[in-house]
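Source: prediction; values computed, not measured.
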Amino acid sequence: GGDAGGRLTRARPDARSAGVGFAAAPAAMPEVLPADARTCLNCEAPLAGPFCSACGQPDEPPDLPLRRVLAGFAGDLFSFDGRVLQTLGVLIRQPGALSRDWAAGRRARHVAPFRLYLLCSLVFVACSASYQLAKDVVGTAEAEVEEATDLRDGLRGVVPSGKVEAIASYIEGMGALGSRWMIVLMPFGGFGLFVLYGLQRRSYTAHFVLAIHVFCVVVLLLAVRRLVQLGVLLATGQTLVQISEVANTLMLLALFGVSYVFAALAIRRFYGVGLGRALASAPAVTVGPIAVWAGILATGMVLLMAWPA
């Protein structure tokens, strides 16, 4: 056929050419499931196994008994698979490699940063609890009373006499928090790295992940310190401080030195900078958070001294 402009048109092989009117396309028939088919309670997709293939939720009844809920929570928290040992091996043997893999998107092969920090913290808590239990069994209460007395004697003459007890209790409480302060200080370490290496066009999260991995090693080193203290206590019946304050101080300095070197090596591998610049940058994630903690401690002491008695 042709149109007004002389152009040829081709007849469409549709319902009109057959002499009938247009008919709407039939709607897609919904999938009919067998009466006994199981569906996901979360997304209503058909289930073909113990987990939903669409959203991943396990096939469980909606009304779970308490023991199942607690068992699931414990499994999520403490589940130990091959990735844990592999991740710890990479963390310790190759400083910065774990953070570099995370920034490059290679994440499924390793334990997530926050979960790794939680596992390291649990190791430290277990070592600290064992050490405290040994102290209770051996009986070092007298030495602890002497340490508390020394702290208060040192504060006298420095702070008002009426504030000695309050400030000493505050310092002891801050010290008792131990590694729990680290989860508050980690963002400051990440921010320090962000300030130094922001020109590399990485998001703050990437710098923060590197700080988390450095803090994981710090927590593990603190756990090693607790194990050394535990060994000394069991072998001699005295705490390391009782035997030699110098040895205790040297151990703390050694642990700080190892942490500093690890941070520098991690920075070197992660950012691809020279060793000199890495060593100069390490305070951002080691000394910097300690300075923040000292500032918080000092601020609290000033507020306590200014507070009316």
Side-chain angles (χ1 to χ4, degrees), residues 91-92 94-100 102-103 113-114 116-117 120-121 123-124 128 151 154 170-200 202-226 228-229 241 245-303:
L91 174 72
I92 296 170
Q94 303 176 49
L98 205 59
S99 309
R100 189 176 60 184
W102 189 96
F114 272 114
L116 181 63
Y117 179 79
C120 293
S121 297
V123 172
F124 171 75
S128 296
L151 172 62
Y170 169 69
I171 294 174
E172 290 169 348
M174 291 283 286
L177 289 173
S179 66
R180 283 170 285 184
W181 265 109
M182 292 189 181
I183 200 167
V184 178
L185 299 176
M186 279 191 299
F188 293 98
F191 180 74
L193 294 173
F194 177 73
V195 171
L196 293 174
Y197 295 99
L199 295 179
Q200 289 200 2
R202 298 178 186 267
S203 67
Y204 167 77
T205 307
H207 307 285
F208 184 35
V209 167
L210 178 59
I212 293 174
H213 288 149
V214 171
F215 274 65
C216 285
V217 172
V218 172
V219 172
L220 290 177
L221 288 173
L222 291 175
V224 171
R225 174 175 175 253
R226 282 286 185 256
V228 172
Q229 291 175 319
V241 175
E245 292 187 7
V246 174
N248 185 64
T249 303
L250 288 177
M251 183 170 66
L252 286 173
L253 291 176
L255 293 179
F256 177 78
V258 173
S259 302
Y260 192 96
V261 171
F262 177 88
L265 295 176
I267 289 171
R268 181 187 184 189
R269 175 173 275 132
F270 186 73
Y271 296 109
V273 297
L275 182 59
R277 184 179 178 185
L279 287 170
S281 305
V285 74
T286 52
V287 179
I290 295 175
V292 171
W293 183 85
I296 295 173
L297 180 66
T299 301
M301 292 175 63
V302 170
L303 290 176

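Nearest heavy-atom pair across N248 and Q229 is OD1-NE2, 3.9 Å. Here the shortest heavy-atom pairing between A284 and P289 reads O-CD, 3.5 Å.
Here OH of Y117 is found 9.0 Å from CZ of F124. Values are rounded to the nearest 0.5 Å. To the nearest 0.5 Å, the span separating CH2 on W102 from CG on L116 amounts to 13.5 Å. Taken to the nearest 0.5 Å, the CD1 atom of I212 stands 12.0 Å off from the CG atom of L91.
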Exercise for review: Give the intermediate values and the outcome of side chain to side chain contact (heavy atoms under 4.5 Å, CB included) for residues H213 and V209.
Suggested key: CA-CA 6 Å; H213 288 149; V209 167; 3.5 Å; yes

Pairs under 3.5 angstrom only: tabulate donor-acceptor contacts from the side chains of residues 255-276 to other protein residues two or more places apart or in another chain.
residue, atom, partner, partner atom, Å
S259, OG, L255, O, 2.9
Y260, OH, L279, O, 2.6
R269, NH1, P95, O, 2.9
Y271, OH, H207, ND1, 2.7

Could you go through residues 185-194 and list every donor-acceptor pair under 3.5 Å that involves a side-chain atom there, pairing it with any protein atom two or more places apart or in another chain?
none

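With C120 as the partner, the side-chain contact (heavy atoms from CB on, under 4.5 Å) test is satisfied by one option alone out of L220, V217, L221: L220.
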